[in-house]
K.L.:
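Below you'll find the structure I mean.
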Amino acid sequence: MPGIWETHMNFSLRSRSLLKTIAVVLALALPTALAISSADARVGGGGSSGSRGARTFAAPPSTSTAPGSASQFNRTYTQPGAGMNSAASAPARGGLFGGRAGGIMGGLAAGFLGAGLLGMLFGGGLFGGLGGLSSIIGLIIQIALVVLVVRLAMSWWQRRHTPQAAYANADAGAAPGPQPNQRGGLGGGLGGFGFGANPNNAPLEIKPDDYEAFERLLGDVQTAWSNEDVAKLHTLATPEMVSYFEQDLGQNRAKNVVNKVTNVKLLQGDLAEAWREGETDYATVALRFALTDKTLDRNSGTVVAGSEQPGEVTEVWTFARRPGSGWELSAIQQTN
């Protein structure tokens, strides 16, 4: 019976090898999972949340602080094709040929095209369904209608996939390389003027006082988050961002933990873009900052995630300012 023993031994060796492989994978995955858990605890949940007005689904230009691309928003009130002020307020158009003009165009196109196709199916030819129309003019009209319908369908399909496409290809049009006068701190790293790249938006000048406000907000938001001071967060961020903060704080309370972010210090920052939409000003900046991020058990104060050791984070923050008010946090994006 040597064949049976050899088979059994080979199976045992394969089983041991498989178990060793699983053990190695788990050993490597566990620290990664803990690191992700710690990263997700800080303000913003370690994800990309908020709105950038009409540019919500367009990637901000890369900078020397954040040379990679910014992550797509996984939490936003803004709908594709709508600005922040109209987010979640526009009714659905009802599909490819929705709307008044679209409904008329869709009806005409469907009528002509349907008549032609039915004529072809029932033996009258592609153009027999239109009463035997065989003139050159009729041929051109129907071909044009078919082309129009196909183009509308392709355009509709591309709009449906705008978020993914925008983020995948946005860096192609961004100006690479360092920003002028870039150095540590917002006073220098954000030096210069920011002008929106979209010609439909008015350019916006960013002044030294604005840079100071951005740096101050970076620290104030982290402090209010750590203190779970929702009232203070309402004075520092848009209602949309505060709603996300409240969700995350609620999840921490349900887990009986509290996240503390301390020792926040800006190391480097520069301006990605700044623009004006209607009466609202926007400024998107890349920030690299040091912080101590730890999550504590509410009862014992024991560190359950993170550590006392300081770390570094690079994020892209967008600030908004409306008439009669100061800058407030409008979005946080992670970098790739």
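Residues: numbered from 1 along the sequence shown.
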K.L.:
Return the minimal non-hydrogen interatomic distance between Leu266 and Arg288, and the atom names on each side.
P.N.:
CD1-O, 3.7 Å

K.L.:
To the closest 0.5 Å, what do you measure between CG (Asp209) and CZ (Arg216)?
P.N.:
9.0 Å

K.L.:
Apply the test side chain to side chain donor-acceptor pair (under 3.5 Å) to residues Asn336 and Ser69: give CA-CA distance (whole Å), side-chain angles for both, the deciding distance (0.1 Å), then the verdict.
P.N.:
CA-CA 5 Å; Asn336 298 321; Ser69 61; 3.0 Å; yes

K.L.:
Passes side chain to side chain contact (heavy atoms under 4.5 Å, CB included), Val230 versus Phe245? Steps please.
P.N.:
CA-CA 8 Å; Val230 176; Phe245 295 155; over 6 Å; no

K.L.:
Output the distance between atom CZ (Arg321) and atom CZ (Arg276), rounded to the nearest 0.5 Å.
P.N.:
7.5 Å

K.L.:
State plainly whether the residues Arg322 and Glu328 are in salt-bridge range, i.e. N to O under 4.0 Å.
P.N.:
yes

K.L.:
Quick one: closest heavy-atom pair of Val242 and Leu233, and the distance?
P.N.:
CG2-O, 3.5 Å

K.L.:
So among Leu287, Val285, Leu291, which one has a side chain to side chain contact (heavy atoms under 4.5 Å, CB included) with Leu218?
P.N.:
Leu287

K.L.:
With clusters defined by side-chain heavy atoms of hydrophobic residues (ILVMFWY) lying less than 4.5 Å apart, directly or transitively, does Leu329 cluster with Val313?
P.N.:
yes

K.L.:
Considering non-hydrogen atoms only, spot the tightest contact between Leu271 and Thr63 and give its length.
P.N.:
O-CG2, 3.8 Å

K.L.:
Hey, could you give me the CD/CG distance between Glu205 and Asp210, rounded to the nearest 0.5 Å?
P.N.:
8.5 Å

K.L.:
Donor-acceptor pair, distance only, cut-off 3.5 Å: does the side chain of Arg55 make one with the backbone of Ala58?
P.N.:
no

K.L.:
What about Leu296 and Leu249, same hydrophobic cluster or not, with Ile/Leu/Val/Met/Phe/Trp/Tyr joined at side-chain heavy-atom distances under 4.5 Å?
P.N.:
no

K.L.:
Indicate yes or no: at least one non-hydrogen side-chain atom of Gln72 is less than 4.5 angstrom from one of Asn74.
P.N.:
no

K.L.:
Are Tyr211 and Val264 joined in one hydrophobic group, where the rule is that I, L, V, M, F, W and Y side chains link up if heavy atoms are under 4.5 Å apart?
P.N.:
yes

K.L.:
Measuring from Phe289:CZ to Glu215:CD, what's the distance to the nearest 0.5 Å?
P.N.:
12.0 Å

K.L.:
So how far is it from Asn252 CG to Thr295 OG1, rounded to the nearest 0.5 Å?
P.N.:
6.5 Å

K.L.:
What verdict does the side chain to side chain donor-acceptor pair (under 3.5 Å) test give for Glu277 and Trp275, after you've listed the backbone C-alpha separation in whole Å, the side-chain angles of each residue and the deciding distance to 0.1 Å?
P.N.:
CA-CA 7 Å; Glu277 291 181 21; Trp275 71 101; 2.8 Å; yes

K.L.:
Check whether any side-chain heavy atom of Val316 sits under 4.5 Å from a side-chain heavy atom of Pro60, and report yes or no.
P.N.:
yes

K.L.:
Taking the inter-plane angle between the rings of Trp327 and Phe319 on a 0 to 90° scale, is it parallel (under 30°), tilted (30 to 60°) or perpendicular (over 60°)?
P.N.:
perpendicular

K.L.:
Return the minimal non-hydrogen interatomic distance between Ser330 and Ser51, and the atom names on each side.
P.N.:
OG-O, 2.6 Å

K.L.:
I need the minimum non-hydrogen distance between Thr280 and Ala320, along with the two atoms involved.
P.N.:
CG2-CB, 4.3 Å

K.L.:
Apply side chain to side chain contact (heavy atoms under 4.5 Å, CB included) to the pair Tyr244 and Ile332, showing each step before the final yes or no.
P.N.:
CA-CA 11 Å; Tyr244 301 140; Ile332 296 177; over 6 Å; no

K.L.:
Taking Ser48's backbone N and O only, do any of them form a donor-acceptor pair with Gln333's side chain (distance below 3.5 Å, no angle check)?
P.N.:
no

K.L.:
Centroid-to-centroid, Trp317 to Phe214, below 6.0 Å?
P.N.:
no

K.L.:
Mind checking whether Ser226 and Lys260 have side chains closer than 4.5 Å, heavy atoms only?
P.N.:
yes

K.L.:
Counting C-beta onward and ignoring hydrogens, is there a side-chain heavy-atom pair between Gln334 and Glu315 closer than 4.5 Å?
P.N.:
yes

K.L.:
Any side-chain heavy-atom pair from Thr292 and Pro310 closer than 4.5 angstrom?
P.N.:
yes

K.L.:
In the structure I gave you, are the side-chain heavy atoms of Glu240 and Arg75 within less than 4.5 Å of one another anywhere?
P.N.:
no

K.L.:
Do the side chains of Lys232 and Asn227 get nearer than 4.5 Å, heavy atoms only?
P.N.:
no

K.L.:
I want to check something: taking the side chain as every heavy atom from C-beta on, are Val221 and Met241 in contact at a cut-off of under 4.5 Å?
P.N.:
no

K.L.:
Looking at CD of Gln309 and CG of Asp293, how far apart are the two atoms once the value is rounded to the nearest 0.5 Å?
P.N.:
13.0 Å

K.L.:
Might you point out which heavy atoms bring Thr78 and Gly53 nearest each other, and give the distance in Å?
P.N.:
CG2-O, 4.0 Å

